[in-house]
Amino acid sequence: MAERAALEELVKLQGERVRGLKQQKASAELIEEEVAKLLKLKAQLGPDESKQKFVLKTPKGTRDYSPRQMAVREKVFDIIIRCFKRHGAEVIDTPVFELKETLMGKYGEDSKLIYDLKDQGGELLSLRYDLTVPFARYLAMNKLTNIKRYHIAKVYRRDNPAMTRGRYPEFYQWDFDIAGNFDPMIPDAECLKIMCEILSSLQIGDFLVKVNDRRILDGMFAICGVSDSKFRTICSSVDKLDKVSWEEVKNEMVGEKGLAPEVADRIGDYVQQHGGVSLVEQLLQDPKLSQNKQALEGLGDLKLLFEYLTLFGIDDKISFDLSLARGLDYYTGVIYEAVLLQTPAQAGEEPLGVGSVAAGGRYDGLVGMFDPKGRKVPCVGLSIGVERIFSIVEQRLEALEEKIRTTETQVLVASAQKKLLEERLKLVSELWDAGIKAELLYKKNPKLLNQLQYCEEAGIPLVAIIGEQELKDGVIKLRSVTSREEVDVRREDLVEEIKRRTGQPLCIC
Amino acid sequence: MAERAALEELVKLQGERVRGLKQQKASAELIEEEVAKLLKLKAQLGPDESKQKFVLKTPKGTRDYSPRQMAVREKVFDIIIRCFKRHGAEVIDTPVFELKETLMGKYGEDSKLIYDLKDQGGELLSLRYDLTVPFARYLAMNKLTNIKRYHIAKVYRRDNPAMTRGRYREFYQCDFDIAGNFDPMIPDAECLKIMCEILSSLQIGDFLVKVNDRRILDGMFAICGVSDSKFRTICSSVDKLDKVTTQAVLLQTPAQAGEEPLGVGSVAAGGRYDGLVGMFDPKGRKVPCVGLSIGVERIFSIVEQRLEALEEKIRTTETQVLVASAQKKLLEERLKLVSELWDAGIKAELLYKKNPKLLNQLQYCEEAGIPLVAIIGEQELKDGVIKLRSVTSREEVREVAEDLKSGQNRAFNFYYGTTPFSYKAQEA
């Protein structure tokens, strides 16, 4: 150990010697000689154990958000949160991990995608897979019977990320849910209204909201001859109809899942239908379907839902689609999914927009699974697929070559000559104290040109230039960075002038 | 399996029978008899495997944030973020976990407090322990030589939590750092200016910022005769601060009525750490950094306590108006009106009842702090007006329906955006 320490010290000293020689611009031969000595010493030391060789990266499939990406994210979040608040939602937050037992048994086949924490001698924990199960846990834990809440947070899934399609192991979910025993379909309608408001405000293109009902699906499968035990697995096959053809889905049901071909055909007759409220009425008259109690309930609720959606002015965006089956186990009633309609790809843009951007439904049984007495709290909600939306918005901005600002700085405090740092520090401090967003370069004597360049790169609109003569005259030169127009402003009027130009209210309240 | 299913069905039917008898108020002996049968059947079934017995809780050392706590949190973050933005900081975000090797060797003795993820066949991962090491990794990875950034996110430590003193295993950190080669002490001074601005704006009491320098400490220990090897244990600060160190503490104010003296202690800290990024850079290139970290969890506790002491009502929603109905069968009208208000950007709600009582609707407004209620009534519908009522003053103004929807309404504009809360951020 002591030997190694001594060697390390020698290497350090020799390294300093080499650096010193280079700085002094010593002769090339001398430097080469000393460098050779240094390399010999290093070779004696052997591999550097303290500097582990590792590639600088984030975990597979995850990513940092750069300031630019954060600026996009902030804009998107702002639009979505405004909408939730407009509808009177409260907000909650939960821990990133839950007790493993809380998440067990809630996600069916998807459970294998949950990240577990290592058993380090304490409780067994897992990273949350969604925000719905934590919500149900929160309701049961606090014995709440009703709440309208939104929750924005990252969730974790050990998928195989396909990063260009906007799917990651760590991604944001935006959930809005209404829990409580209310008159039928009113909260369900509000959820759909919110979904439409958000997707319209985001301006990411035309969209369609598909609506179906678990009871209609179950009833339909029953009358087609699907056995109880095959319900869930046939559901997940039917759900693929938005991505693959009916032939492929039928092959999967018959070939892999052991369904009789004539049963599959009967299913095919139903699931390929979609339409508006007239389809609901048509099915209510369907001789076979109308014999099934579950299907009737579902159809009745959908009819009522369409009435409310018409009053909300969004019925033209809704399509009753019998192939919508959604993967998760806990939906018990109405289910819905919003998809972007494929617009002709704009110049340079990948057709990224296809696929679900929001989804949800009614899940009346989940909270009861947590409550010790099995007390039910009916819930209906929606989840926005933010990551996909980020990708789309980012792409759009790139295509438009829009410059995204990553700071909100309004004015740079600059100096025209040397030895004016003190003045800059005093002035920038006054501006901060007045609530103005201001910066200065961290240089004692920066060149004016560099300070102006800094403003251009960062998109800072104004620069307040301190100069020796102006100081004597008691003024500051206020310049617009883009137009280059300059005006002398009295020191005592500067704050007001900046606020006027940046559209800020004059009073601090 | 089929036997169990049949038994479960019997239990269910018998349970329904018992419930039915109770509803019909059958004789006590009959009910008792049927209940006994039910219990016998249940005993045959054995323990219920599907309903796992577990206590409803969050993991040790973690907690949910209720709407009320979120309202406090939002106001605190708002003040802090305004300040960071005022100073021209960008913002970044990093994943909640890092490669285990990224975190290894950076925290000394504290490394045992890191949460590891289970080896599930992929990379070995750990939850981030702070925001500084991810920041250094970000700089090195993107070969950045300068940036001024803030980062607000939760970090994870397998500490022994003392939740009453505001210490958790999952908690927020709020970091601001200036990285880059600049003229001495200017960025350092700005960090201290930011610390003071934030603590003043939060209005949590008088504070003092203590400043020192690691080089002064080391020099002092040396001349006092402390051996090299004892340096780090003598000052138990984090290894990575190698130059200027700062710490902001709240000064003990005489405890106000009913208030626990919670306010003492560090609420922010920081310093200069020029060597960290070099540990990540393959060529050991250094990027000097100076920064600060705000102890937000402690601040949340203090603010919550203050509000409780003042008995201030914290609103958890921003709803401006409830759309109500005075008589039955007006749901359609309510749905239409609330939809028009939403489309006009007004924050509005309605009760999810077909025929709610007016009193209940008014009570809902009072509990939630909603300032206005727009009441639809049969007569008013015929006259084309809506009754707009202030919930607190109970003043009523008959309004033309069109004005209400467009928000062109003096009562409306007066209340627009008002959220009663004692904290007013200093901001233009």
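Each chain gets a letter, A, B and so on, in the order its sequence line appears, and its residues count up from 1. Side chains are part of it too, since the values below use all heavy atoms of this structure and drop only hydrogens, waters and symmetry mates.
A donor-acceptor contact shorter than 3.5 Å links the side chain of A:E170 to the backbone of B:V96. A:Q120 places no side-chain N or O within donor-acceptor distance of the main-chain N or O of B:L113, the cut-off being under 3.5 Å. Remark: side-chain polar atoms of A:E408 are not paired, donor with acceptor, to backbone N or O of B:G88 under 3.5 angstrom. A donor-acceptor contact shorter than 3.5 Å links the side chain of A:D183 to the backbone of B:K354.
With a 4.5 angstrom heavy-atom cutoff, B:L127 touches chain A only via side-chain atoms. Contacts between A:F84 and chain B at a heavy-atom distance below 4.5 Å are absent for every atom of the residue. Within the 4.5 angstrom heavy-atom criterion, no atom of A:L412 approaches chain B. Within the 4.5 angstrom heavy-atom criterion, no atom of B:A368 approaches chain A. For B:I194, no part lies near chain A; criterion is any non-hydrogen pair under 4.5 Å. Looking at A:A89, only its backbone comes within 4.5 Å of chain B, counting heavy atoms on both sides. For A:E307, no part lies near chain B; criterion is any non-hydrogen pair under 4.5 Å. With a 4.5 angstrom heavy-atom cutoff, B:K336 touches chain A via backbone and side-chain atoms both. Contact of B:L331 with chain A is made through the side chain alone, with heavy-atom distances under 4.5 Å. Of the two parts of B:R68, neither the backbone nor the side chain holds a non-hydrogen atom closer than 4.5 Å to a non-hydrogen atom of chain A. If you measure heavy-atom distances from A:I178 to chain B, the contacts under 4.5 Å come from the side chain alone. Neither the backbone nor the side chain of B:I370 comes within contact range of chain A, judged by heavy atoms closer than 4.5 Å. For A:E439, the part lying near chain B is the side chain, with the backbone staying farther off; criterion is any non-hydrogen pair under 4.5 Å. The contact between A:I114 and chain B is made entirely by backbone atoms, counting heavy-atom distances below 4.5 Å. B:R158 touches chain A through its side chain: at least one heavy atom from C-beta onward sits under 4.5 Å away, while N, CA, C and O do not. With a threshold of 4.5 angstrom between heavy atoms, B:E123 approaches chain A through side-chain atoms but not through N, CA, C or O. Only the side chain of B:L125 comes within contact range of chain A, with at least one heavy atom under 4.5 Å from a heavy atom of that chain.
Side-chain contact between B:L117 and A:K118: absent, with no pair of heavy atoms (C-beta onward) separated by less than 4.5 Å. Contact of the A:S429 side chain with the B:K193 side chain is registered, since non-hydrogen atoms from C-beta on lie closer than 4.5 Å. At least one side-chain heavy atom of B:D93 sits less than 4.5 Å from a side-chain heavy atom of A:K154.
Side-chain N/O atoms of A:T406 and B:E90 include a donor and acceptor closer than 3.5 Å.
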Take B:Y352 and A:K148, measure what side-chain contact (heavy atoms from CB on, under 4.5 Å) needs, and give me the verdict at the end. CA-CA 11 Å; B:Y352 299 126; A:K148 180 165 53 182; 3.4 Å; yes
For a side-chain contact (heavy atoms from CB on, under 4.5 Å) check, start with the C-alpha distance between A:Y65 and B:V91, then their side-chain angles and the critical distance, and finish with the verdict. CA-CA 9 Å; A:Y65 284 82; B:V91 60; over 6 Å; no
Between B:I186 and A:K443, is a side-chain contact (heavy atoms from CB on, under 4.5 Å) present by the stated rule, with each step listed? CA-CA 8 Å; B:I186 308 177; A:K443 281 197 90 54; 5.9 Å; no
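Between B:K57 and A:L99, the shortest heavy-atom distance links the atoms CG-CD1, 3.6 Å. When all heavy atoms are compared, the tightest approach of A:Y138 to B:P67 is OH-CD, 3.5 Å.
More than 12 heavy atoms of other residues, nucleotides or ligands sit less than 6.0 Å from atom CD of B:Q69. Crowding of A:K143 atom NZ: a count of heavy atoms from other residues, nucleotides or ligands under 6.0 Å not exceeding 12.
Atom CG in A:D64 sits 11.5 Å away from atom CZ in B:F135 (nearest 0.5 Å). A:M70 CE to B:I92 CD1: the interatomic distance, rounded to the nearest 0.5 Å, is 8.5 Å.
With salt bridges taken as basic N to acidic carboxylate O contacts below 4.0 Å, one links B:E74 and A:K85. Salt-bridge annotation for A:D433 and B:R86: absent, with no side-chain N of the basic residue lying under 4.0 Å from a carboxylate O of the acidic one.
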